[in-house]
Every structure is written in C-alpha cells, then in structure tokens.
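Since the structure comes first, as structure tokens, the remarks are kept for the end.
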Amino acid sequence: FKVAAQNKVGTGKYNNTRAVQVKDEIEQPDVNIDLRLGDSITVKEGTTIDIPARVKGKPDLEIAWAVDENALTDGGRVIMSFEAPKARLEVMNARRSDRGKYTITVSNKAGRKSSSRVWTTCSA
C-alpha cells in the first residue's frame with residue numbers, strides 16, 4: 001500500500017507502508033441442545049418434536065441434523081431453521097417411527113462438534 005496525507009493545500013508525498021495481512025476470524029464450532037429438554041423426551045403421536053439448539057463458530061457454520069445417525073433433510077414434516085446463534089429442528093405430526101437419538105452437528109474450517117438427545121413418541 002501507498003499512503004499520503006491530503007488536505008486543502010494539496011496532497012503530500014506518498015510513502016510505502018508495510019505489508020498488510022488480513023486474517024479471517026476463526027472460532028471452533030460449538031453446539032448445545034437446550035438443556036431444559038433433558039436427556040430423553042416423550043411426545044405424543046400427532047404433536048411436534050421441537051429441538052432448539054444454540055450454536056456458535058466462525059467463519060460461517062454448516063448445520064446438519066440426523067436421527068439414529070441417518071441424515072435428515074429439510075422438507076415435508078421436517079423443518080430445519082438456523083439464524084445464529086439459534087438452530088431448530090421441528091418434526092411435525094410425530095409418529096412412532098420418529099423415535100430415536102437426534103443429533104445436530106455444526107462444522108466449519110476450524111472443526112466440528114455434535115450434541116444429541118433421545119426422543120420417543122407414544123400413542124395418544
């Protein structure tokens with residue numbers, strides 16, 4: 001870079017500066033499913049499984065949800081939302097087949113972290 005002072009009188013002599021290096025701010029990802037939910041939750045069939053989580057990390061995070069290690073995709077009865085620092089998974093119209101261990105995984109170039117809770121459903 002070259003810099004020079006400038007005012008009403010004019011522009012001063014340009015001087016070379018030292019090299020400037022810009023670095024991305026990097027922060028390990030972190031995630032925690034809302035602790036108020038406990039380790040195991042039971043919901044009634046036909047209701048909504050609602051799993052909120054708090055996430056953080058820099059640069060931008062990638063969020064993935066899974067049940068019993070099977071990846072979930074957004075759409076149909078499954079709604080995934082993310083607006084830092086909050087992530088949420090909702091499974092509408094819960095069925096017995098929705099029971100299992102739900103895991104959220106957050107990752108970025110600084111690393112990866114997961115958090116899990118067990119959910120079960122029962123009949124009305």
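Owing to the predicted nature of the structure, the values given are computational and were not obtained by experimental measurement.
- Once rounded to the nearest 0.5 Å, the distance linking CH2 of Trp65 with OG1 of Thr73 reads 14.0 Å.
- Using a 4.5 Å heavy-atom cutoff, the side chains of Ile104 and Ile51 are not in contact.
- Between Tyr102 and Ile49 there is a side-chain heavy-atom pair separated by less than 4.5 Å.
- Shortest non-hydrogen contact noted between Asp74 and Met80 is OD1-N, 2.9 Å.
- Under the 4.5 Å side-chain criterion, counting only non-hydrogen atoms from C-beta, Lys56 is in contact with Glu27.
- You'll find the side chain of Ile79 reaches within 4.5 Å of the side chain of Met92, heavy atoms only.
- Residues Lys113 and Val31 share a closest heavy-atom pair of O-CG1, 3.6 Å.
- Distance CG/Asn93 to OG1/Thr48: 8.0 Å, rounded to 0.5 Å.
- Residues Val43 and Asp98 are not in side-chain contact: their nearest non-hydrogen atoms beyond the backbone lie 4.5 Å or more apart.
- With a 4.5 Å cut-off on side-chain heavy atoms, Arg54 and Lys86 count as touching.
- Taking CG from Asn108 and CD from Gln28, the interatomic distance works out to 7.5 Å, rounded to the nearest 0.5 Å.
- In this structure, the side chains of Arg88 and Glu90 come closer than 4.5 Å at one or more pairs of heavy atoms.
- Heavy-atom minimum distance, Thr105 versus Ser114: OG1-OG, 2.7 Å.
- Other residues, nucleotides and ligands contribute at most 12 non-hydrogen atoms within 6.0 Å of the CG atom of Asp60.
- The side-chain heavy atoms of Glu69 and Thr103, taken from C-beta on, include no pair separated by under 4.5 Å.
- When atom types are taken as modelled, the side chain of Asp68 and the backbone of Lys101 share a donor-acceptor pair closer than 3.5 angstrom.
- For Ser107 against Pro29, the heavy-atom pair with the smallest separation is CA-CG, 4.2 Å.
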